[in-house]
Structures are given as C-alpha cells and as structure tokens.
2 protein chains.
Amino acid sequence: MSATPSETLPLACRRHDHQSCIEGAITTAAKICQAKAVKLTPLRRQVLALVWQSHKPLGAYTLIDMLAAADTRRVAPPTVYRALEFLLEHRLIHRIDSLNAYIGCPDPGHHHHNYFLICLDCGIAAECPTQYLSPAIEAAATAAGFAISSQSVEIVGRCPACRKHADA
Amino acid sequence: MSATPSETLPLACRRHDHQSCIEGAITTAAKICQAKAVKLTPLRRQVLALVWQSHKPLGAYTLIDMLAAADTRRVAPPTVYRALEFLLEHRLIHRIDSLNAYIGCPDPGHHHHNYFLICLDCGIAAECPTQYLSPAIEAAATAAGFAISSQSVEIVGRCPACRKHADA
DNA sequence: TAGACTATGTTATTATATAACGTTTTTTAT
DNA sequence: ATAAAAAACGTTATATAATAACATAGTCTA
C-alpha cells in the first residue's frame with residue numbers, strides 16, 4: 001500500500017477541528033438562507049447540526065432519536081423529513097442513496113456534481129468534487145444521447161485509517 | 001441537440017427483439033449456474049424472467065404482484081427477496097440503489113463495474129461499461145487512500161426517445 | 001387585523017426489507 | 001437404500017424508510 005500524502009486525503013479522513021466544521025456549516029447555511037430569503041428555523045438548524053455531528057451519513061430515524069435525546073421532545077417522521085427536504089432543496093445536505101442516509105454538504109448552496117467515498121468499516125463518507133470524473137460521465141451520457149439531470153456516484157470501500165487497522 | 005448515431009445508443013434505447021433479450025438472459029443464466037454448480041430453480045428463473053420483461057428496473061413488490069398475476073399464487077416478501085439475493089450474488093441482476101429496484105444484467109456471471117443511465121420519463125435504465133469512467137474513479141479513490149470494494153454510478157436524465165417527445 | 005402563507009404537529013398508512021422459525025426437497029455419506 | 005445434513009421455500013411477524021392527509025400555530029402582508 002503506497003503512502004498517501006495527507007494533502008490529498010479528504011478532510012473527513014484527516015484529523016481536524018470538527019467543531020469548526022459544525023460551526024462553519026451552520027453559519028454558512030444561515031448566510032445562504034438569508035441571501036435566498038428562506039428561513040433556517042430552529043428545527044432545520046438543529047437537524048443540520050445533527051447531520052454535521054460527524055462525517056458519517058445518518059438515517060432519518062437516527063436523527064429523530066438524536067432530536068429526542070437532545071430535547072425530550074420526540075418529533076414524528078414527517079417533521080424531520082420536512083426539515084431534510086428543506087436542507088436538500090437548498091443544497092445544504094446530500095442524500096446517500098445506497099445508505100438511505102443524509103450527510104452535510106461541505107460546499108453548500110449551489111448545484112454541483114460530486115462523488116462519495118464511503119468506508120464500509122467506520123461509515124465515513126467523504127465528498128469529493130468530480131473535476132476529473134465529470135467530463136467522463138458527461139461524455140458517456142452524451143454519447144448515449146442522454147440529457148443528464150442528476151447523478152449519484154457512491155464508491156464503497158475502506159478508508160485509509162481503517163485500512164491501517166485491517167493491516168495490523 | 002446533436003444527432004446520436006444509433007450504434008452508440010445503448011441497446012435498451014434501441015429497437016430490438018426484446019424476446020431474444022429475455023431468452024438469452026435465461027439460457028446464459030442457466031449455463032452460468034450449471035458451471036458454478038448452483039441451482040437456477042423455477043422460482044429464481046421466473047423472477048429473472050420477470051426482471052427481464054423490460055429494460056426498466058422493477059421493485060421487489062412489483063415482482064411479487066407480477067408473480068401473483070402470472071401464477072395465482074402470491075409469494076411473501078422473503079421468498080422474492082431470497083430469489084433476488086441469489087440472482088444478485090451470482091451477478092445475474094443488479095440493484096439500482098436510487099430506485100430500490102432490480103434489473104437484469106446484460107453481461108452476467110462475473111464482477112464488473114458499470115454505470116446506469118436512467119430515464120426519468122420512461123424509466124428505462126441502460127447499463128454501460130465503465131471503460132472510460134473506471135480509471136478516473138480508481139484514480140480518485142487511490143488518491144484519497146481508499147480501497148474500492150464496490151461502486152454505484154447512477155445517472156438520471158432523459159433518454160433519446162423521451163427527449164424527442166419533449167421537444168415535440 | 002383579516003387573509004394568505006409558511007412551518008410544524010398529528011395520525012395513519014404505504015413502501016421496502018429482514019428476522020425467526022417451520023416445512024419440504026435435495027444432496028451426501030454411510 | 002436411508003439417515004443426516006444442507007438447501008430451498010413457506011409463513012408469520014416485524015423492522016426500517018418515507019409519505020399522505022389533515023390540523024394547528026406562527027408569520028407576513030395588504
């Protein structure tokens with residue numbers, strides 16, 4: 001296994017000040033919502049913060065449980081699904097189809113293509129930009145006469161940290 | 001919109017003798033199972049045939065309904081899920097994560113990477129080989145230190161036929 | 001301040017998938 | 001041939017994910 005310079009490692013896989021991930025995500029989201037004149041209500045903000053508790057995608061019902069643990073109140077599924085819908089619509093989170101789960105978007109507020117590297121051991125999902133992938137995908141779709149409207153690229157494997165563990 | 005030479009169109013998007021798709025899939029599957037000494041039982045064969053009725057991914061419960069319509073007997077979910085599990089395991093079908101649905105594999109019996117072009121109008125899903133995509137994906141994963149174990153590339157858009165309709 | 005709109009609450013239900021256990025059929029070893 | 005084991009399928013119940021439909025509360029605006 002060749003060494004991977006830490007600069008190329010996705011943030012999710014690197015040691016970092018995660019508290020600032022969370023705070024940054026919230027303040028950026030607040031700005032985006034303000035600019036769009038839509039409301040980041042307390043519930044939506046709370047769901048966003050919970051999604052950002054880690055770099056691991058979380059299911060809707062897990063979020064319900066987390067809300068209950070934080071709040072004593074237990075919201076019903078539609079409540080959390082509506083918050084997720086809002087966050088998806090304004091591109092503050094992504095949905096990981098292969099996991100039925102949701103994760104914070106590190107480059108929020110606008111449409112962009114990306115792919116996810118998902119670790120089957122620790123559950124981390126690292127979002128990466130498709131600068132290299134995207135042209136190939138677009139060329140493939142064009143060749144087949146398809147007009148792309150959305151795409152989902154989810155790569156499951158083992159992250160650097162879990163590979164080290166597995167080797168040991 | 002530029003004309004797309006019909007040679008580059010995925011089979012699913014071209015006029016073709018679909019009956020021979022179905023028959024070919026069944027006979028190939030039978031050969032593969034024989035070679036592997038596993039059993040393509042009547043139920044498994046029937047589910048495979050149903051999955052191949054079209055080039056559109058079908059949900060498990062749709063398959064249950066189709067079985068009931070064909071047979072008068074109505075199987076319970078575990079029955080059809082077990083058949084699907086077998087067909088997945090031996091790489092005779094694929095699961096489309098973004099649709100919770102299953103589709104016949106045109107290149108069955110062995111592991112291979114691919115991507116799907118899925119039409120949001122007619123539901124067709126065309127499986128394409130990732131000859132061009134795959135190196136980019138592998139390079140991306142390697143750069144991030146990930147060891148790939150599986151991947152899912154699902155591109156949603158509008159197929160050539162539905163684009164023509166939409167233009168009209 | 002009435003009306004419209006937005007957000008959330010509430011109840012019920014639909015859709016997808018699996019656990020656990022029982023029965024039947026097939027295979028294998030003797 | 002036949003008992004033991006394994007594989008396939010049946011059956012019941014339940015887990016998990018998502019949404020429909022309607023009620024209530026809060027907010028904005030004319």
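Here is how names work: the chains are called A, B, and so on, in the same order as the sequence lines, proteins then strands, and each is numbered from 1.
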Side-chain (A:Glu154) to main-chain (A:Leu117) donor-acceptor, under 3.5 angstrom: no

Checking the side chain of B:Asp71 only, and the main-chain atoms of B:Arg73 only, is there a donor and an acceptor separated by less than 3.5 Å?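 The answer is no, because no donor-acceptor pair under 3.5 Å joins these two groups.
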
For A:Cys13 against A:Ile124, the heavy-atom pair lying closest together: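 Of all heavy-atom pairs spanning A:Cys13 and A:Ile124, the closest is SG-CG2, 4.4 Å.
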
Checking contacts here: which listed nucleotide ([options]) is nearest the side-chain heavy atoms of [X]?
X: A:Leu43; options: D:dA18, D:dG10, C:dG9; value: C:dG9
X: B:Pro77; options: D:dC9, C:dT16, C:dT18; value: C:dT18
X: A:Arg44; options: C:dT16, D:dC9, C:dT8; value: C:dT8
X: A:Ala76; options: C:dT16, C:dT10, D:dA18; value: C:dT10

Provide, to the nearest angstrom, the distance between the [atom1] atom belonging to [X] and the [atom2] atom belonging to [N].
X: A:Leu40; N: C:dT6; atom1: CG; atom2: P; value: 17 Å
X: A:Asp65; N: D:dA17; atom1: CG; atom2: P; value: 10 Å
X: A:Tyr61; N: C:dT16; atom1: OH; atom2: C1'; value: 12 Å
X: A:Ile64; N: C:dG9; atom1: CD1; atom2: P; value: 12 Å
X: A:Leu58; N: D:dA17; atom1: CG; atom2: P; value: 11 Å

Between B:Lys39 and B:Thr62, name the one whose nearest nucleotide on DNA chain C is closer to the 5' end. B:Thr62

Residue whose closest nucleotide on DNA chain C lies nearer the 5' end, A:Thr41 versus B:Asn100: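 Nearest-nucleotide comparison on DNA chain C picks A:Thr41.
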
Identified side-chain contact (heavy atoms from CB on, under 4.5 Å) counterpart of A:Val47 within the set A:Thr41, A:Val75, A:Leu84: A:Leu84

Please check if the number of heavy atoms outside B:Gln34 that lie under 6.0 Å from its CD is greater than 12. no

Other residues, nucleotides, ligands: >12 heavy atoms within 6.0 Å of B:Lys36 NZ: yes

Just call it for B:Arg73: base, sugar-phosphate, or nothing, with non-hydrogen atoms closer than 4.0 Å on any strand.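 Sugar-phosphate contact only - B:Arg73 comes under 4.0 Å of backbone atoms but never of a base.
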
Write out the stems for DNA chain C, ordered by first number and formatted as range with range, counting runs of at least 3 consecutive Watson-Crick or G-U wobble pairs under 3.5 Å. C:1-30 with D:1-30

Would you jot down, in residue-number order, the residues of residues 78-97 of chain A having a non-hydrogen atom under 4.0 Å from DNA chain C? A:Pro78, A:Thr79, A:Arg82

For residues B:Glu23 and B:His18, is any side-chain donor paired with an opposing acceptor at under 3.5 Å? no

Tell me, please, which residues at least two apart from A:Glu89 pass side chain to side chain donor-acceptor pair (under 3.5 Å). none

Is the ring centre of B:His90 less than 6.0 Å from the ring centre of B:His110? no

